[in-house]
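Since the structure is predicted, the reported quantities are computational estimates derived from the model, not experimental observations. We name chains A, B, ... by the order of the sequence lines, and we start the count at 1 in each one.
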Amino acid sequence: MLSLTHRRRLVKGLSYLYILVLLVLALFPIAWMVSSSIKPIEDLFVIPPQWIPEHPTLSTLNSVIYGDYGRGSLFPRYFANSVIVTVGTTLFCLVIATLAAYSFSRYPFRGSNGLMVGILSTQMFPQGMLLITLYLTFLALNLLNTYPALILANTTFAIPFAIWILKGFFDTVPREIEDAALIDGCGRLGVLTRVVLPMIAPGLVAAGVYTFLIAWDEYLFAATLTIKPEMRTLPPGIIQSFVGQFYLNWPNVMAASVLVTIPVTVLFIFFQKHLVQGLTAGAVKG
Amino acid sequence: MSASKSISLERSAATGKRRFTLTNTQFSIILLLPALLTLAFTVLYPLLRGIYLSFHSYSLVDLVSGIQWVGLENFKTLLSSSAYRSVWGTTLIFVAGSVGGQFVVGFLTALVLNQDLAQRNLFRGLLLMPWIVPTVVAALLWKWIFNQQYGIFNYVLHSLGLISSFKAWIGDPSLALFSVTLANIWKGFPFHMIVLLAALQTIPPDIIEAAIIDGTTAVQRFRYVVLPYLRYIIMIDLLISIIWTFQSFTTIWTMTEGGPVTATTTLAISIYRTAFQAFDIGMGAAIGTLWLVAMLVFSAVFVRLFGGTRLEV
């Protein structure tokens, strides 16, 4: 039988070992993607694989961005579309979700908990089934291949989760502060915009970053509601450009993947704390 | 709240006029209106229309017939079809494998990270990376890793002596479901890690200390202190991820398009193929309606079994 200190030391050693193994498993695929994106094509298809590129080159990244063999690239266009749709979704959902979350947190009425459960349970509705009507409706309204169609479609999953995150933050604001502001003659809307919102700024950031991430990620709606190549966002755009039925342009796929991952990684590095706080605010009430 | 209510009903002292004021409930509903109207258009109406369409025959290929009432015909066709039953089987394996794997790895990692380790926050941040990588990218990346000829999965396993020949992880119908599930576990475990780690940190240290003084073993503390304390959050975490994994489309579609043949065709893939590739809108809607009913029943039973109380959000 080991002594207590020895056992503690053993547990700690095993913990670091576990983390180390998991870090390799979690990060190695990403490192492999980066490594694959900067290899000349002849170094990509070799066994044993070249873990570290022997002839690093930016030519694949270049051809993804600027096109090759005299053909232009739609990649910059996909990128711009993704930025517009993602930022649009984020702003639209943030405003709407903030108002709704405040209502649920501060002015509950009979049935408002039920309504909130109802809004959250929309996550259960099969997206493909919703997409049928969204597609037919946007077709009838002549809104296929437009940004508003994609932004509206994205609200289906973005609004409920943003409400959930934000309500968690509103719940942490002490009521006395609002009551004092009300007595001071601030209207209810003024209390929200001038007193409460500044206090939950981290929550707004968390919900905003989260909405940005899932909108940037969205594939199914974008692939279905846009047919014109120049209106595609990055996820369906990459698939359309580089993934054929029988052939995959692996060098370009890896290079494009790196480029798509960079913006969300930068966002994550800056707002990691907010995002972690946000993901747990709704679920963990401590 | 009582203070605000009395203010809203009070006459303005300065002017003597009764101010136009809303009751708190009216104010509350006005705040909710933008969200409710948007979701009514993007979720509620599509849902109801989808249920309506599931009782109809409606093919975008056959525009002459238009929408025709067929009663329960679509459902009868589905329930008597062995292909439909196998889609359910595939879905359940995919969901159980994904959520099970993600939860076990995520929970274990959360428990490890909940100790007093150097660089804990750095580890947590780095381990979140798979979750940050866009789904399409993760799927393409794993497809490349699983590549039969040049993929590193085969190379590494072969070098370690775990396989004798390079396998078609994506192309072999008996392996494809395993491969997409593995990719999905990689992508999804950090979410569980984050949520459960945050939950672990809310456990008051004195409860654990008291249990240690009582001479409990670590396993006993986990079983009788930690698990009961985390019961609600574990329920929410599992419920959300089960629902999301049922919805999971992008990973499978990008890696296999539901194939080879139908080896990785889950419900989400099946709806898409039926409604948007075969243009059989009525049948696609029927698949969705049955899936929805199943989710509603499952969630109600799950919450009842787990929580015992009503869902409080």
>> Is A:Phe242 close to chain B through its backbone or its side chain, or both, or neither, when contacts mean heavy atoms under 4.5 Å?
In response: neither
>> Report which part of B:Ile240 has an atom under 4.5 Å of a heavy atom belonging to chain A: side chain, backbone, both, or neither.
In response: side chain
> Tell me, side chain or backbone of A:Gln123 under 4.5 Å from chain B's heavy atoms, or both, or neither?
Replying inline: both
>> Which one wins on heavy-atom pair count under 4.5 Å against chain A: B:Phe191, B:Trp244, B:Trp142, B:Phe246?
In response: B:Trp244
>> Need one label for A:Leu44: side chain, backbone, both or neither, based on atoms under 4.5 Å from any heavy atom in chain B.
In response: both
> Is the A:Trp51-A:Phe28 ring centre distance short of 6.0 angstrom?
Replying inline: yes
> Is it the side chain or the backbone of B:Gln149 that comes within 4.5 Å of chain A heavy atoms, both, or neither?
Replying inline: backbone
>> For A:Arg106 and B:Asn24: C-alpha separation, side-chain torsions, deciding distance, then whether side chain to side chain donor-acceptor pair (under 3.5 Å) applies.
In response: CA-CA 9 Å; A:Arg106 279 308 190 264; B:Asn24 280 340; over 6 Å; no
> Heavy-atom count around A:Phe270 CZ within 6.0 Å, excluding the residue itself: above 12?
Replying inline: no
>> Report which part of B:Ala138 has an atom under 4.5 Å of a heavy atom belonging to chain A: side chain, backbone, both, or neither.
In response: neither
> Can A:Tyr18 and B:Thr109 be said to form a side chain to side chain donor-acceptor pair (under 3.5 Å), step by step?
Replying inline: CA-CA 8 Å; A:Tyr18 172 83; B:Thr109 313; 2.8 Å; yes
> Where on B:Tyr58 is there a heavy atom nearer than 4.5 Å to chain A: the side chain, the backbone, both, or neither?
Replying inline: side chain
> With only heavy atoms counted, which part of A:Pro48 is less than 4.5 Å from chain B, the side chain, the backbone, both or neither?
Replying inline: both
>> Ignoring hydrogens, what is the shortest heavy-atom contact between B:Val137 and B:Val133? Give both atom names and the distance.
In response: CG1-CG1, 3.6 Å
>> Is there a side chain to side chain donor-acceptor pair (under 3.5 Å) between A:Asp217 and B:Thr135? Walk through the geometry before answering.
In response: CA-CA 6 Å; A:Asp217 200 48; B:Thr135 311; 2.4 Å; yes
> Considering only heavy atoms, which portion of B:Trp144 lies under 4.5 Å from any heavy atom of chain A: side chain, backbone, both, or neither?
Replying inline: both
> Considering only heavy atoms, which portion of A:Leu14 lies under 4.5 Å from any heavy atom of chain B: side chain, backbone, both, or neither?
Replying inline: neither
> Relative to chain A, which of B:Ala275, B:Gly284, B:Gly125 shows the most heavy atom pairs under 4.5 Å?
Replying inline: B:Gly125
> Should A:Lys167 and A:Asp171 count as an ion pair when the cut-off is N to O under 4.0 Å?
Replying inline: yes
> What part of B:Leu296 lies closer than 4.5 angstrom to a heavy atom of chain A: side chain, backbone, both or neither?
Replying inline: both
>> Using a 4.5 angstrom heavy-atom cutoff, name the option from B:Met295, B:Arg49, B:Gln119, B:His158 with the most pairs to chain A.
In response: B:Arg49
>> Heavy-atom cut-off 4.5 Å, strictly under: side chain, backbone, both or neither for A:Leu213 against chain B?
In response: side chain
>> Please classify the contact between A:Val95 and chain B as side chain, backbone, both or neither, with a heavy-atom cut-off of under 4.5 Å.
In response: neither
> Excluding sequence neighbours, so at least two apart, what forms ring-ring contact (aromatic ring centres under 6.0 Å, His included) with B:Phe276?
Replying inline: A:Tyr135, B:Tyr272
>> For a quick test of reading the model, state the closest non-hydrogen atom pair linking A:Gln272 to B:Asn121 and the distance between them.
In response: OE1-O, 4.4 Å
> Closest heavy-atom contact between B:Leu196 and B:Ile234?
Replying inline: CD2-CG1, 3.9 Å
>> Report which part of B:Ile51 has an atom under 4.5 Å of a heavy atom belonging to chain A: side chain, backbone, both, or neither.
In response: both
> Which atoms of B:Asn154 come close to chain A, meaning under 4.5 Å heavy atom to heavy atom: side chain ones, backbone ones, both, or neither?
Replying inline: neither
> Is chain B contacted by the side chain of A:Ile239, its backbone, both, or neither, given a heavy-atom distance below 4.5 Å?
Replying inline: side chain
> Between A:Leu225 and A:Ala149, what is the shortest heavy-atom contact and its length?
Replying inline: CD1-O, 4.2 Å
> Of all heavy-atom pairs between B:Trp186 and A:Leu25, which one has the smallest distance, and what is that distance?
Replying inline: NE1-O, 3.1 Å
> Between B:Leu140 and chain A, which part of the residue has a heavy atom less than 4.5 Å away: side chain, backbone, both or neither?
Replying inline: both
> Between A:Ser36 and chain B, which part of the residue has a heavy atom less than 4.5 Å away: side chain, backbone, both or neither?
Replying inline: side chain
> Counting heavy-atom pairs under 4.5 Å to chain B, which of A:Val260, A:Ile214, A:Thr122 comes out on top?
Replying inline: A:Val260
> What's the spacing between B:Ser241 OG and B:Gln247 CD if we round to 0.5 Å?
Replying inline: 12.5 Å
>> With chain A as the partner, which of B:Pro134, B:Gly50, B:Ala285 has the greatest number of non-hydrogen pairs under 4.5 Å?
In response: B:Pro134
>> Is A:Met33 in contact with chain B via its backbone, its side chain, both, or neither, using a 4.5 Å heavy-atom distance?
In response: both
> Should the heavy atoms of other residues, nucleotides or ligands under 6.0 Å from OH of B:Tyr52 be counted, would the total exceed 12?
Replying inline: no
> Where does B:Ala268 contact chain A at under 4.5 Å (heavy atoms): side chain, backbone, both or neither?
Replying inline: neither
> Do the rings of A:Phe157 and A:Phe221 sit parallel, tilted or perpendicular, given the 30° and 60° boundaries?
Replying inline: parallel
> Side chain, backbone, both or neither: which part of A:Ile159 has an atom under 4.5 Å from a heavy atom of chain B?
Replying inline: side chain
> Given a strict heavy-atom distance threshold of 4.5 Å, which part of A:Leu136 is in contact with chain B: side chain, backbone, both, or neither?
Replying inline: side chain
>> Using 0.5 Å steps for rounding, measure from the CD atom of A:Gln240 to the CG atom of A:Leu234.
In response: 13.0 Å
> Out of A:Met124, A:Lys12, A:Lys273, which one racks up the most heavy-atom pairs below 4.5 Å with chain B?
Replying inline: A:Met124
> For B:Val156, is it the side chain, the backbone, both or neither that has a heavy atom under 4.5 Å from a heavy atom of chain A?
Replying inline: side chain
>> Which atoms of A:Val264 are under 4.5 Å from chain B, going by heavy atoms: the side chain, the backbone, both sets, or neither?
In response: both
> Which heavy atom in A:Leu130 sits nearest to a heavy atom in B:Leu47, and how many Å separate them?
Replying inline: CD2-N, 3.8 Å
> Can you say whether B:Phe189 sits under 4.5 Å from chain A via the side chain, the backbone, both, or neither, judging by heavy atoms?
Replying inline: side chain
>> Enumerate the side-chain hydrogen bond (donor to acceptor under 3.5 Å, both in side chains) contacts for residues 94-103 of chain A, please, sequence neighbours excluded, ordered by first and then second residue.
In response: A:Tyr102-A:Glu178, A:Ser103-B:Ser28
> What part of B:Lys187 gets closer than 4.5 Å to chain A, counting heavy atoms only: side chain, backbone, both or neither?
Replying inline: neither
>> Students often mix this up, so state it plainly: with edges at 30° and 60°, are the rings of B:Phe249 and B:Trp253 parallel, tilted or perpendicular?
In response: parallel
>> For A:Pro160, run the side-chain contact (heavy atoms from CB on, under 4.5 Å) check against A:Ile165, A:Thr155, A:Ile119 and tell me which one passes.
In response: A:Ile119
>> Does any backbone or side-chain atom of A:Phe45 lie under 4.5 Å from a heavy atom of chain B? Answer side chain, backbone, both or neither.
In response: both
> Can you tell which of B:Ile30, B:Leu33, B:Thr289, B:Leu267 has the highest number of heavy-atom pairs within less than 4.5 Å of chain A?
Replying inline: B:Thr289
> Between B:Ile242 and chain A, which part of the residue has a heavy atom less than 4.5 Å away: side chain, backbone, both or neither?
Replying inline: neither
> Out of B:Ile271, B:Leu117, B:Leu44, which one racks up the most heavy-atom pairs below 4.5 Å with chain A?
Replying inline: B:Leu117
